[in-house]
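Both backbone and side-chain heavy atoms feed into the values below; hydrogens, waters and symmetry mates do not. Numbering starts at 1 and runs along the sequence shown. Owing to the predicted nature of the structure, the values given are computational and were not obtained by experimental measurement.
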Amino acid sequence: MNLSWIIIILLLQIIIIITFTSSSRVEYPCKAPPHLSSSYPFCNPSLPIKTRAHSLVSLLTLPEKIQQLSDNASSIPRLGIPSYEWWSELLHGLAINGPGVNFNGTVKSATGFPQVLNSAASFNKTLWFLIGSALAVEARAMYNYGQAGLTFWAPNINVFRDPRWGRGQETPGEDPMVVGEYAVQFVKGFQGGAPAAGGKRLLMEESVDDDDGDMLMVSACCKHFTAYDLESWKNYSRYSFNAVVSKQDMEDTYQPPFRSCIEQGKASCLMCSYNAVNGIPACANGELLQMARNEWGFKGYITSDCDAVGTIVEYQNYTNSPEDAISDVLKAGTDINCGTYMIRNTQSAVDMGKVKEEEIDRALINLFSVQLRLGLFDGDPAKGKFGKLGPSDVCSAGHKKLALEAARQGIVLLKNQERFLPLNENAVSSLAIIGPLANQASPLGGDYTGIPCHSETLFDGLQAYIKETSYAVGCTDVSCYSDDLFEEAVQTAKQAEFVIIVAGIDLSQETEDRDRVSLLLPGKQMELVSCVAAASKRPVILVLTGGGPLDVSFAKKDPRIASILWIGYPGEAGPKALAEIIFGNVNPGGRLPMTWYPESFTNVPMNDMNMRAKPSQGYPGRTYRFYIGKRVYGFGHGMSYTNFTYKFLSAPNKLSISSASLTGGYNKRILNQKVDYIHINEETPCSSLAFPVKISVDNVGYMDGSHIVMLFSRVRKTFEGAPQVQLIGFDRVHTLARKSTETSILVDPCKDLSFADEAGERILPLGDHVLTLGEMEHFVSIETY
């Protein structure tokens with residue numbers, strides 16, 4: 001073979017390599033010429049999103065349209081459009097729960113961040129944004145390699161109303177304001193936007209505006225809309241449960257997180273829940289779904305939870321036929337069904353005259369608009385803005401470092417008797433770790449997890465500090481039905497200088513489709529803890545796992561249990577983070593994002609959705625805002641290895657509202673009646689009332705550490721239905737030992753100092769409002785003139 005042929009062959013090989021490496025690993029529409037599909041208007045990126053979406057829908061036949069009404073949307077070969085899987089999961093890391101994500105290709109694992117409830121315990125808005133941003137990078141990278149979609153059904157922003165709920169771990173806790181803040185930051189970070197307050201952009205350097213909003217890096221979905229927080233309790237099931245919710249509770253508890261997610265977070269997807277709300281299935285509830293679009297400005301697609309269209313007929317008996325169910329959900333505003341129910345029944349609904357093709361078109365325009373905003377019709381994704389992301393961007397050093405920081409910030413120190421912690425690793429000769437979860441890595445992720453970058457157990461993390469570390473299981477599993485292994489645990493504890501007991505719950509006790517019936521430690525775990533504590537040479541350290549609150553009153557009172565740490569589901573970096581905190585390399589600063597109730601709370605019917613207490617009926621209310629019973633640990637509880645004091649540096653003493661500005665009909669009548677509150681509406685001068693509260697935080701101890709500043713408010717005068725107290729702002733600040741730092745929290749009285757009346761209308765009490773900061777109080781009087 002002569003030299004010229006060799007050169008030609010080498011050039012051809014280079015061309016093949018370049019072509020292969022620069023082309024997409026996924027099927028995509030709108031391929032470059034000579035493909036005919038590139039000539040269609042929907043393939044023209046210069047046209048507005050709506051124009052392109054309408055163009056695409058106009059080209060489809062009715063059967064082709066119907067085949068798009070499933071999470072697994074069929075291909076349209078004649079237009080060069082491949083199939084698309086809408087259902088990918090990513091709650092706190094790329095998860096294998098849905099069909100859209102797999103680890104069978106080049107990417108074998110993804111960063112496992114702490115469960116959402118853990119991240120919420122950090123009360124760190126910047127952290128929430130950064131986690132969303134990191135997950136977006138990994139999602140796009142896996143999409144580029146054909147291992148994920150671009151539409152992810154997260155976050156879960158239902159309020160953690162009942163401590164027995166199996167999915168409370170997936171949520172940011174019980175406070176609607178905190179849940180809403182988490183939703184905004186996570187969604188903005190995930191979809192490629194700028195942070196709402198603080199934080200930084202990880203990848204998207206600019207946004208691309210069109211008539212439908214910013215282009216999307218990936219799509220987030222706020223779920224489950226609405227009043228969904230029961231899996232299976234007694235004879236109640238999530239598939240048939242009718243959540244009876246008052247207008248008052250709907251306005252100031254259940255809806256605020258979703259409103260924030262849409263109005264501020266700009267989420268591009270909304271998932272309607274299985275349950276009915278006041279007798280109407282959520283996915284067929286036009287009043288709710290249209291409120292999101294028409295009042296909150298939602299621009300995106302609405303998906304049902306999986307098979308939630310079918311449950312309207314089969315579980316709730318709301319309609320008499322599948323065709324009626326299809327008609328109801330499409331008219332209400334649901335665009336797509338997770339599952340095949342709409343594919344199987346929509347044609348007959350059309351034939352029977354119950355569904356109009358225009359109603360299907362409306363749904364498809366919403367669906368294709370989101371795909372267009374994701375760039376799915378802009379040609380080869382490998383040549384797009386995010387085309388260079390790949391395996392090296394998953395499990396990156398930066399993401400693993402972020403997962404470790406999130407785990408550190410989410411661990412909560414509940415008890416620390418006589419400053420037992422931190423331990424001095426140089427003074428610890430031997431250590432014993434006891435418990436069924438102490439030497440297992442998989443339970444540390446919680447539900448909706450994938451394959452983490454790195455797996456290690458709590459035992460591994462502690463042994464990295466103390467080589468002479470022994471282990472005993474104590475119970476064969478978390479259920480702990482037998483005490484057969486107690487003696488081994490007791491003997492192991494007797495031989496060690498220090499003992500750590502790992503107790504709590506895992507997914508065998510709480511998960512999707514599984515609520516708890518008790519708040520106590522499962523089985524004989526309490527006995528195990530007490531036996532080991534009695535045998536130990538020194539007081540022991542108790543580490544608690546799981547998301548749901550636990551009644552550990554026995555441990556709180558027991559002097560043989562010196563310290564208690566809640567680690568929840570801390571993710572892949574949890575073992576290292578726990579060890580760092582126990583040995584003082586990190587100062588704990590997390591706070592509980594939910595109330596820990598006593599076991600007696602299990603007498604409260606889980607199906608009762610009322611938030612406010614009814615003492616005359618023996619109903620204690622729910623969450624720290626309304627619960628009047630005893631607590632094991634309260635919302636916001638969390639200790640540090642150092643101490644802090646506060647000072648109000650500046651805040652107004654009086655706010656004045658002109659009566660002339662309250663000329664709206666209902667407000668005018670109220671003022672004529674000389675009542676002591678005003679209604680919040682469009683005419684209320686809210687922007688002029690907002691004020692900053694400047695705060696000094698003094699670290700009066702001898703250890704640096706981060707601290708969560710929590711500003712609460714309460715109404716000084718008794719108002720019917722008012723919260724006992726409510727969180728109105730928070731910030732996580734880093735402090736140096738023996739030094740002070742300052743922060744500022746902006747208070748919007750119309751939003752932060754108001755609550756809903758029985759008619760579901762926001763009211764702002766006049767008179768004194770008490771701002772509380774730890775033990776400090778500041779009075780702000782709101783008056784009219």
Side-chain angles (χ1 to χ4, degrees), residues 45 48-50 52-53 56 68 71 73 84-91 98 100 128-129 132-133 135-137 139-140 143 148-157 180 182-196 201 203-204 207-226 257-272 283 289-305 333-338 362-378 381 384-386:
I49 293 292
K50 285 184 178 179
R52 298 170 72 187
L56 187 119
Q68 298 300 304
D71 65 281
Y84 180 76
E85 178 56 68
W86 289 88
W87 181 9
S88 290
E89 295 285 1
L90 170 147
L91 192 65
W128 301 339
F129 177 86
S133 297
L135 292 176
V137 170
R140 264 287 178 172
Y143 167 78
L150 289 177
T151 46
F152 290 84
W153 292 349
N156 181 341
I157 57 168
Y182 177 89
V184 170
Q185 296 294 349
F186 180 90
V187 170
K188 280 185 169 290
F190 189 61
Q191 292 192 157
R201 202 181 301 231
L203 191 71
M204 294 269 292
S207 59
V208 182
D209 291 324
D210 57 48
D211 60 345
D212 285 292
D214 290 346
M215 297 296 285
L216 301 168
M217 183 174 180
V218 277
S219 169
C221 191
C222 291
K223 64 182 186 184
H224 309 82
F225 192 60
T226 190
F258 289 96
R259 184 168 187 167
S260 296
C261 192
I262 291 168
E263 288 186 338
Q264 298 169 256
K266 308 296 182 186
S268 52
C269 169
L270 188 63
M271 177 185 283
C272 51
C283 294
L289 300 186
Q290 292 310 311
M291 176 190 293
R293 287 199 186 278
N294 300 331
E295 295 183 29
W296 302 345
F298 174 61
K299 295 179 180 179
Y301 74 100
I302 298 176
T303 180
S304 76
D305 207 334
T334 300
D335 299 313
I336 192 174
N337 171 60
C338 175
R362 174 205 54 76
L364 295 187
I365 288 168
N366 291 333
L367 291 165
F368 285 127
S369 293
V370 170
Q371 289 186 331
L372 286 160
R373 292 170 65 192
L374 287 163
L376 286 175
F377 291 87
D378 291 350
K385 179 179 292 186
F386 309 109

Hey, what do you get for [atom1] ([X]) to [atom2] ([Y]), rounding to the nearest 0.5 Å?
| X | Y | atom1 | atom2 | result |
| --- | --- | --- | --- | --- |
| Leu270 | Asp335 | CG | CG | 10.0 Å |
| Cys269 | Ile262 | SG | CD1 | 10.0 Å |
| His224 | Asp305 | NE2 | CG | 5.0 Å |
| Leu372 | Leu56 | CG | CG | 7.0 Å |
| Asn156 | Cys222 | CG | SG | 10.0 Å |
| Cys261 | Phe298 | SG | CZ | 9.0 Å |

Shortest non-hydrogen contact from [X] to [Y]?
| X | Y | result |
| --- | --- | --- |
| Leu367 | Gln68 | CD1-O, 4.1 Å |
| Ala53 | Ser369 | CB-OG, 3.6 Å |
| Leu90 | Ala154 | O-CB, 3.2 Å |
| Val218 | Phe190 | CG2-O, 2.9 Å |

(message) With side chain to side chain contact (heavy atoms under 4.5 Å, CB included) as the criterion, how do Ile157 and Phe186 come out once you've worked through the C-alpha distance, each side chain's angles and the decisive distance to 0.1 Å?
(response) CA-CA 11 Å; Ile157 57 168; Phe186 180 90; over 6 Å; no

(request) Evaluate the side-chain proximity of Val187 to Lys266: yes if any heavy-atom separation is below 4.5 Å, no if none is. (result)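 The answer is no; the side chains never approach within 4.5 Å.
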
(message) Could you tell me if the side chain of Trp296 sits less than 4.5 Å from the side chain of Phe258, heavy atoms only?
(response)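 In contact.
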
(request) Ignoring hydrogens and angles, state whether a donor on the side chain of Ser219 or Ser268 is under 3.5 Å from an acceptor on the partner side chain. (result)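 There is such a pair between these side chains.
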
(request) Could you tell me whether Asp378 and Arg373 have a side-chain N and a carboxylate O separated by less than 4.0 Å? (result)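 No, Asp378 and Arg373 are not salt-bridged.
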
(request) Indicate yes or no: does Glu263 engage Lys299 in a salt bridge with an N to O separation below 4.0 Å. (result)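 Judged by the 4.0 Å cut-off on N to carboxylate O distance, Glu263 and Lys299 do not form a salt bridge.
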
Can any side-chain N or O of [X] pair as donor or acceptor with the backbone N or O of [Y] at less than 3.5 Å?
| X | Y | value |
| --- | --- | --- |
| Lys223 | Trp153 | yes |
| Arg293 | Gly300 | yes |
| Arg52 | Phe377 | yes |
| Thr334 | Ile302 | no |
| Gln191 | Met217 | no |

(request) Start with the C-alpha gap between Met271 and Phe225, add the side-chain angles, then the distance that decides, and say whether side chain to side chain contact (heavy atoms under 4.5 Å, CB included) holds. (result) CA-CA 6 Å; Met271 177 185 283; Phe225 192 60; over 6 Å; no

(message) With a 6.0 Å cut-off on the ring centroids, do Trp128 and Tyr182 count as close?
(response)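 Yes, close enough.
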
(message) Assess the residue pair Leu374 and Thr151 against the criterion (side chain to side chain contact (heavy atoms under 4.5 Å, CB included)); give the C-alpha distance rounded to whole Å, side-chain angles, the decisive distance to 0.1 Å, and a yes or no.
(response) CA-CA 9 Å; Leu374 287 163; Thr151 46; 3.8 Å; yes

(request) Carefully, step by step, assess Asn337 and Thr303 under the rule side chain to side chain contact (heavy atoms under 4.5 Å, CB included). (result) CA-CA 6 Å; Asn337 171 60; Thr303 180; over 6 Å; no

(request) Only one of Tyr301, Phe152, Phe368 passes ring-ring contact (aromatic ring centres under 6.0 Å, His included) with Trp86; say which it is. (result)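 By the ring-ring contact (aromatic ring centres under 6.0 Å, His included) criterion, Trp86 pairs with just one of Tyr301, Phe152, Phe368: Tyr301.
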
(request) Could you walk me through whether Cys272 and Cys283 pass the disulfide (SG to SG under 2.5 Å) test, one step at a time? (result) CA-CA 5 Å; Cys272 51; Cys283 294; 2.1 Å; yes

